[in-house]
Amino acid sequence: MREGARRRITARIVETEAYLPEIDSASHAYGRMTARNRSMFLRRGHAYVYLIYGAYYCLNVTSESADVGAAVLVRAAEPLEGIQLMSRRRGTVRLNDLLRGPGRLAAALGIDWRQDGIDLCSPGSALRLATGTVPKSIGKSVRIGLSREVDRVLRFYERGSPFVSGPRKLNR
DNA sequence: AAGAAGATTCGCT
DNA sequence: GCGAATCTTCTTA
């Protein structure tokens with residue numbers, strides 16, 4: 001859920017990827033804490049935002065206790081409320097393309113560095129998590145776009161959802 | 001101080 | 001399907 005001055009955006013998360021503590025060399029938190037990854041070490045439920053390819057922000061939710069570097073990348077979501085605003089930000093009216101992919105999702109929600117490190121579980125946060133409809137069937141696959149740790153099955157998605165990203169082959 | 005790589009997306013063929 | 005765009009971060013190739 002994203003609440004701005006104008007209006008509210010609500011989206012239902014349909015695809016995520018996990019990045020494990022300590023042993024996952026594909027994780028931004030691998031090795032040691034740095035300027036970029038420091039919010040990955042916040043207690044579970046906080047935002048870790050990073051910029052990829054100098055062009056797209058990506059939103060993660062931290063997933064472990066304080067001082068442990070781990071997070072879940074939010075890769076795709078189903079648009080529920082605020083579709084007009086998301087369409088304007090994304091430059092498309094195609095519902096399936098508004099939130100499909102981590103860069104697109106962040107753009108549609110207006111996410112940037114101002115959200116890095118915020119508490120996503122606080123009722124007062126302009127960006128926050130809420131309970132919603134649980135997927136009927138959850139599929140899993142390897143993670144997308146990595147050059148390391150390519151065999152770990154840590155991507156999870158709602159089976160059959162048209163709002164999920166990735167190649168068809170991974171979405172069975 | 002400089003260079004390489006990157007949890008992506010878009011447009012063109 | 002493939003390559004470019006674009007810039008921050010980390011490493012020192």
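Throughout, a chain's letter reflects where its sequence line sits, starting with A, and its residues are numbered from 1.
Atoms CG (A:Asn37) and P (C:dT9) sit 11 Å apart, rounded to a whole Å. When rounded to the nearest whole Å, the span between CZ of A:Arg89 and P of B:dT9 equals 17 Å. The distance from atom CD1 of A:Ile144 to atom P of B:dT9 is 9 Å, rounded to the nearest whole Å. Atom-to-atom, OH of A:Tyr19 to C1' of B:dG6 comes out at 11 Å; the value is rounded to the nearest Å. Rounded to whole Å, the distance from CD1 on A:Ile52 to P on C:dC7 is 14 Å. Atom pair A:Tyr56:OH and C:dT8:P shows a separation of 16 Å (rounding to whole Å applied). Taking atom OH on A:Tyr57 and atom C1' on B:dT9, their separation rounds to 15 Å, with Å as the unit. Rounded to an integer number of Å, the gap from A:Tyr53 OH to C:dT9 C1' is 14 Å.
Atom CZ of A:Arg159 sits in a crowded spot, with more than 12 heavy atoms from other residues, nucleotides or ligands closer than 6.0 Å.
A sub-4.0 Å separation between OP1 or OP2 of B:dA7 and a side-chain N or O of A:Arg148 is absent. Residue A:Arg90 places none of its side-chain N or O atoms closer than 4.0 Å to OP1 or OP2 of B:dT9.
With P as the reference atom, B:dA4 and C:dA4 are 16 Å apart, rounded to whole Å.
Inter-residue side-chain proximity for A:Arg90 and A:Asp97 is flagged as met; some heavy-atom pair is nearer than 4.5 Å. Side-chain contact between A:His46 and A:Leu120 is absent, with no heavy-atom pair separated by less than 4.5 Å.
Rounded to the nearest 0.5 angstrom, A:Glu17 CD and A:Tyr157 OH are separated by 12.0 Å.
Using N1 to N3 plus N6-O4 or O6-N4 for Watson-Crick, or N1-O2 and O6-N3 for G-U wobble, each under 3.5 Å, C:dT6 pairs with nothing. The partner of B:dA7 cannot be assigned: no Watson-Crick or G-U wobble pair with both contacts below 3.5 Å exists in any strand.
Judged by the 6.0 Å and 45° rule, A:Arg143 forms a cation-pi pair with A:Tyr19.
Annotation: proximity of residues 23-35 of chain A to DNA chain B (heavy atom, distance under 4.0 Å) is found for A:Ala26, A:His28, numbered in ascending order.
Inspection of the A:Ser137 and A:Glu158 side chains reveals no N or O donor paired with an N or O acceptor under 3.5 Å.
Nearest nucleotide to the A:Pro102 side chain, out of B:dG6, B:dT9, C:dC7: B:dT9. With B:dC10, C:dT8, B:dA7 as the choices, the nucleotide that has an atom nearest any side-chain atom of A:Arg104 turns out to be B:dC10.
Scanning both residues, A:Arg32 and A:Phe41, for their nearest heavy atoms gives C-CZ, 4.4 Å.
Among the heavy atoms of the strands lying under 4.0 Å from A:Arg36 are primed sugar atoms or P, OP1, OP2 only; no base atom is included.
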